[in-house]
Amino acid sequence: MRGGVRAVLQDLLRGHAPRSYSSSAAEAPAVRPPRDRILTLQSMNPQVRAVEYAVRGPIVVKAGEIERELQQGIKKPFSEVIKANIGDAHAMGQQPITFLRQVVALCTYPDLLDSPRFPEDAKVRARRILESCGGQSLGSYSASQGVTCIREDVARYIERRDGGVPADPDNIFLTTGASDGIASILKILVSGEGNSRTGVMIPIPQYPLYSAAISELNAVQVNYYLDEDHCWALDVNELKRALNQAKQYSNPKVLCIINPGNPTGQVQSRRCIEEVIHFAWKEGLFLLADEVYQDNVYSQDCQFHSFKKVLYEMGPEYSSNVELASFHSTSKGYMGECGYRGGYMEVLNLHPDIKAQLVKMLSVRLCPPVSGQAAMDVVVNPPQPNEDSYPQFIQEKEAVLSTLAHKAKLTEELFNQVPGIKCNPLQGAMYAFPRVFIPPCAVEKAEELQMAPDMFYCMRLLEETGICVVPGSGFGQRDGTFHFRIC
């Protein structure tokens, strides 16, 4: 508009008749082609593009579409989608542990500490946590390593669990779920270029967090296969094969173990753990022990053994030298508190300089959620037999675990009655990983659709029954075999 007025005034000053003028036409900028996007699939971080996470992959997107269609009244052979793709216990109806929620509620809203509706043992724990928080508020930042008194409780829990093996609170790092701890320790472990790039040994089948983190860090994934014919056992000879092969194109220095297994549900024997520790000691490998399902052991023939306990009982040659990081979480076990994102990591035999670097790296994210830290504290510091809340707590805990054990047995038995499906004994964790024998014609159809055969199977299962499971190809499997994971 100003440009138009200026032109008219200039004509008048020059003694000319004013020109016909359209302000909108004068103001309209020249039409330019759209500028190229700065961020495209080609220009983005290629390591992020390479990340895949099957547990929330295409099958879950399709499940969401079907749910919306059901809400719109579109008729299906089923009335709801059953999401058995992820171990989200509360979403599937598991009830929270009362005592855990009481303590977190008291920490979140301290005015409730005056309420007679809350037991005194919950109040004692809440007051202790709040006294360790800045401003006695759960809303304050904690130290990057976590609230001090909670790390102390974690250390005492580990000592009780492992029969007196000492635990140092300074070796405890509270994390945003176990996933945060695993990704953090991998980040500090990965280095090198070309054939010297860090190799990370992971079990196949594996939990996709590992392959995703390895891709994001541009590390080298080194697969070792669990023995399906022997209940998904870990064979040290297979570790040797994988290690020797990986040395040709990488620098393998990390060995990841998931015990009890996800997605396979096996529980490792003490002898197997000893063999793995000896292998790591001999080959100079850093051990990562994912033990988030340590409370989920159902087979009477199995028992959970922590890697740390076995390491110490093997003697100082091992306990003073093998570098180990182990992980636990509020998300699984009998708690099922996935949304709080509480967890911890214990590190052993970490060089002091490296521990300082780890603390520095974690300080960038300031601290894990303090509410999740409080939830983790209840897991490691539950009611004791002499406290008022113990009867209800132990009843709720045992009810959850016995229900899971019943469901594990039922799942195994029912799958093995279905033609074309074979399921190994479910010793622990929260999943079955049955093998599916897919007919050749279905394999050919899947190839026509450019889909993995087990993805094709799982899609058809979802579309015809409303049951959402994850194809085994998202976890890894031997060529020519097909599976799915169901929670």
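Because the structure is predicted, anything quoted here is derived from the model rather than measured.
Without hydrogens or angle criteria, D454 side chain to P471 main chain gives no donor-acceptor distance under 3.5 Å.
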Enumerate donor-acceptor pairs with a distance under 3.5 Å from any side-chain N or O in residues 257-265 to protein atoms, sequence neighbours excluded.
{"unit_1": "N259", "atom_1": "OD1", "unit_2": "Q268", "atom_2": "N", "d": "2.8"}
{"unit_1": "N262", "atom_1": "OD1", "unit_2": "R485", "atom_2": "NH1", "d": "2.9"}
{"unit_1": "T264", "atom_1": "OG1", "unit_2": "Q266", "atom_2": "OE1", "d": "2.4"}

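Applying the salt bridge (Lys or Arg N to Asp or Glu O under 4.0 Å) test to E412 and every residue at least two apart in sequence or in another chain returns nothing. Here E228 pairs with nothing under the salt bridge (Lys or Arg N to Asp or Glu O under 4.0 Å) rule; sequence neighbours left out. For the salt bridge (Lys or Arg N to Asp or Glu O under 4.0 Å) test, no residue two or more places apart in sequence or in another chain qualifies with K360. For Y210, there are no ring-ring contact (aromatic ring centres under 6.0 Å, His included) partners, not counting sequence neighbours. Residues satisfying the ring-ring contact (aromatic ring centres under 6.0 Å, His included) criterion with F415, sequence neighbours excluded, are F484.
Side-chain contact of S331 with R341: a donor-acceptor pair under 3.5 Å is present, judged by distance alone. If you check the side chains of S211 and Q206, you find a donor sitting under 3.5 Å from an acceptor.
For the pair R156 and E159, the salt-bridge criterion is not met [side-chain N within less than 4.0 Å of a carboxylate O]. Note on K240 versus E283: no salt bridge recorded, every NZ/NE/NH1/NH2 to OD/OE distance being 4.0 Å or above. A salt bridge links R270 with E274: at least one charged nitrogen is closer than 4.0 Å to a carboxylate oxygen.
Residue V370 is tested with C133, C107, S132 for a side chain to side chain contact (heavy atoms under 4.5 Å, CB included); the sole match is C133.
Taking the centre of each ring, F456 and F482 stay at or above the 6.0 Å mark.
Ring geometry for Y293 against Y431 counts as perpendicular: the plane angle is over 60°, on a 0 to 90° scale with 30° as the lower cut.
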